[in-house]
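One structure is given here, and the rest of the page talks about it.
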Amino acid sequence: MPTLFIDGQWIRAAAGGTREIRCPADQSFVAIVDEAGAIDTVAAIDAARRAFDTGDWPATPFTARAALLHRVADQIEASSVEISRAESLDTGKRLVESEYDVVDVARCFRYFAGLSASGGRVVDTGNPGAISRVVQEPVGVCGLITPWNYPLLQASWKVAPALAAGNTFVLKPSELTPSTSIILMRILQECGLPAGVGNLVLGAGATAGAPLAEHPNIDLVSFTGGLVTGRRVMAAAAATVKKVALELGGKNPNIVFADADRAAALDNALTAVFLHSGQVCSAGARLIIEESIRDEFVDDLVRRANRIVLGGPFDPLAQAGTLISRAHRDKVDAYVEAGIAEGAVLRCGGRAPDDLGLDAGWFYRPTVLDRCHSSMGCVQDESFGPVLTVETFRGEDEAVAIANDTIYGLAGAIWTSDASRAQRVAGRLRLGTVWINDYHPYLPQAEWGGFKQSGVGRELGPTGLGEYVELKHIYQNVNPAPSGWFATDETGGD
Ligand code: NAD
């Protein structure tokens with residue numbers, strides 16, 4: 001079956017290219033999908049442009065758009081088994097994690113279905129003869145580019161608000177994990193999305209993705225992915241001064257004070273960094289711990305990390321899964337090697353597992369690099385793998401200074417039993433999300449995004465919808481009359 005969806009049709013790539021998808025946990029065959037080139041992406045942009053400029057969708061009442069989003073959420077829930085399985089096969093993540101993701105995807109569509117973008121406000125003109133309104137309108141054609149770690153979830157954070165606000169879009173998921181985006185487009189089609197409103201292109205970033213940043217007919221590019229690619233997208237978008245929203249990487253601090261609930265802090269320090277084998281933008285990959293408790297805490301943490309059971313997506317005993325590719329595992333391994341060369345002490349992991357049955361996958365043991373400090377590359381750079389660096393502090397000021405000593409500013413946590421300190425430190429951290437005595441929860445109602453080089457703009461929440469909205473000021477003089485600013489024929493001039 002063709003897998004590009006352009007102008008309401010499932011089609012093959014113009015040049016006939018295809019790509020084979022294999023499960024990273026065992027290299028089993030998953031699918032052959034079409035590989036778009038720039039020509040296909042431009043065709044998708046043209047279709048989305050026509051649908052926006054001449055179609056009904058942008059002017060469809062919000063209630064009708066919201067009804068469609070609710071139907072999509074219903075269908076996602078009804079297809080949960082198929083979607084979770086497809087997500088796990090593409091990413092290698094444990095089935096239970098994919099199942100959680102599908103629940104969140106449906107929740108995201110319902111949230112934006114309930115958040116009207118058709119409002120506006122009346123402005124006091126100070127003139128009884130004039131009416132002034134600021135109204136919200138859709139931005140136009142949106143280029144949506146997503147990564148491989150949470151393929152459908154990241155797509156839903158963009159597709160749902162884009163549609164709620166009345167835009168048309170071209171979605172380009174990661175070339176490594178296309179399956180659930182294909183299912184999403186099928187669901188949108190079944191739920192009655194008009195032709196051209198939603199389009200899907202699959203393929204490599206440099207070919208299928210680049211036109212979404214460069215093309216003059218794209219009004220907004222919303223990108224989630226790595227910092228280097230994000231800079232490239234932003235630079236390309238500058239040529240046509242399009243709106244840009246970027247959700248990039250993080251190197252996130254997890255600060256543990258000596259007065260924290262030790263059992264909770266320890267358990268969550270493991271989840272913070274090793275969930276999805278560290279392939280989470282908000283992973284708590286920097287443990288910043290008060291010096292007085294560090295030895296015992298880190299010893300316990302290493303003991304627990306050594307016991308984490310790795311396995312494939314459908315192994316009920318597995319607690320963590322594989323990395324996405326051989327190239328990514330090589331990158332993580334090189335990062336660990338470089339950390340050791342810089343003086344970090346390897347406490348556990350630092351290698352692929354020896355377990356029988358895992359040798360065909362790209363697994364990597366949970367790794368702890370001890371005795372780190374913020375001038376080291378392994379602390380500054382995102383590994384995007386199961387690697388924790390350990391730094392220590394004495395006192396609140398030093399904890400804050402160490403945590404903020406990074407180009408990133410996505411998320412992080414504070415563990416303490418002192419509520420006023422928790423609030424004080426939260427206020428001083430330059431992060432888009434701060435958790436206190438918890439790690440990882442997010443809400444569709446609360447904005448998600450980064451300070452500093454972790455991104456531009458926000459997803460989720462009312463501000464997330466705002467990325468997909470343009471504001472227009474409409475001023476009407478209800479009693480038109482000459483302004484008298486310049487001389488009239490009667491009052492002078494040559
Ligand atoms: P990536 O930057 O390699 O790729 C992301 C997407 O961009 C893919 O679809 C890719 O094909 C596309 N792309 C690549 N080059 C392009 C170009 N020149 N023009 C247009 N598109 C291009 O990232 P990845 O490896 O897929 O994902 C991992 C990264 O994503 C990590 O850095 C992680 O922190 C980040 N991430 C951030 C968030 C967040 O919410 N801030 C969420 C998830 C992942």
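Both ligands and their constituent atoms are indexed starting at 1 by order of listing.
Every side chain to side chain contact (heavy atoms under 4.5 Å, CB included) that Asp219 has, sequence neighbours left out, goes to Arg49, Val139, Val141. Listed by chain and residue number, Cys108, Phe109, Phe112 satisfy the side chain to side chain contact (heavy atoms under 4.5 Å, CB included) test with Ala160 (two or more places apart in sequence, or in another chain).
Below 3.5 Å of separation, one finds no N or O of Trp157 facing any N or O of ligand 1. Between Glu175 and ligand 1, a contact under 3.5 Å exists for at least one N or O pair. An N or O contact shorter than 3.5 Å links Leu248 to ligand 1 by distance.
If you check each of Leu171, Leu212, Leu176, Thr146 against atom 9 (O) of ligand 1, the one with the closest non-hydrogen atom is Thr146. For atom 43 (C) of ligand 1, the nearest non-hydrogen atom from the set Val280, Asn149, Val233 comes from Asn149.
Contact annotation: Pro173 has at least one heavy atom less than 4.0 Å from an atom of ligand 1.
Geometric assessment of Arg430 against the ring of Tyr408 yields a negative cation-pi assignment under the 6.0 Å and 45° thresholds. A cation-pi geometry, defined here as NZ or CZ lying under 6.0 Å from the six-membered ring centre and within 45° of its normal, does not hold between Lys93 and Tyr100.
Of the protein's non-hydrogen atoms, the one nearest atom 27 (O) of ligand 1 is Pro147 CB, 3.3 Å. Atom 7 (O) of ligand 1 has its closest protein heavy atom at Phe223 CE1, 3.1 Å. At the shortest separation from atom 35 (C) of ligand 1 among protein heavy atoms lies Gly225 O, 3.2 Å. Looking only at protein heavy atoms, the nearest one to atom 12 (C) of ligand 1 is Ile145 CG2, 3.7 Å. For atom 17 (C) of ligand 1, the closest non-hydrogen atom of the protein is Gly205 O, 3.6 Å. Here the protein heavy atom with the shortest distance to atom 2 (O) of ligand 1 is Thr229 OG1, 2.7 Å. Nearest protein neighbour of atom 18 (N) of ligand 1, counting heavy atoms only, is Arg232 CD, 3.9 Å. Protein heavy atom in closest approach to atom 20 (C) of ligand 1: Gly209 C, 3.5 Å.
A heavy-atom distance below 4.5 Å is found between the side chains of Lys251 and Arg286.
A donor atom on one side chain and an acceptor atom on the other are not found under 3.5 Å apart for Asp34 and Thr18.
Close contacts between ligand 1 and Ala210 involve ligand atoms 19 (N), 20 (C) [criterion: under 4.0 Å to a heavy atom].
Results of the ring-ring contact (aromatic ring centres under 6.0 Å, His included) test with Tyr442 over Trp157, Trp435, Tyr150 single out Trp157 as the only residue that passes.
Formation of a donor-acceptor pair under 3.5 Å by the Arg351 side chain with backbone atoms of Asp333 is not found in this model.
Other residues, nucleotides and ligands contribute only 12 or fewer heavy atoms inside 6.0 Å of the CD1 atom of Ile39.
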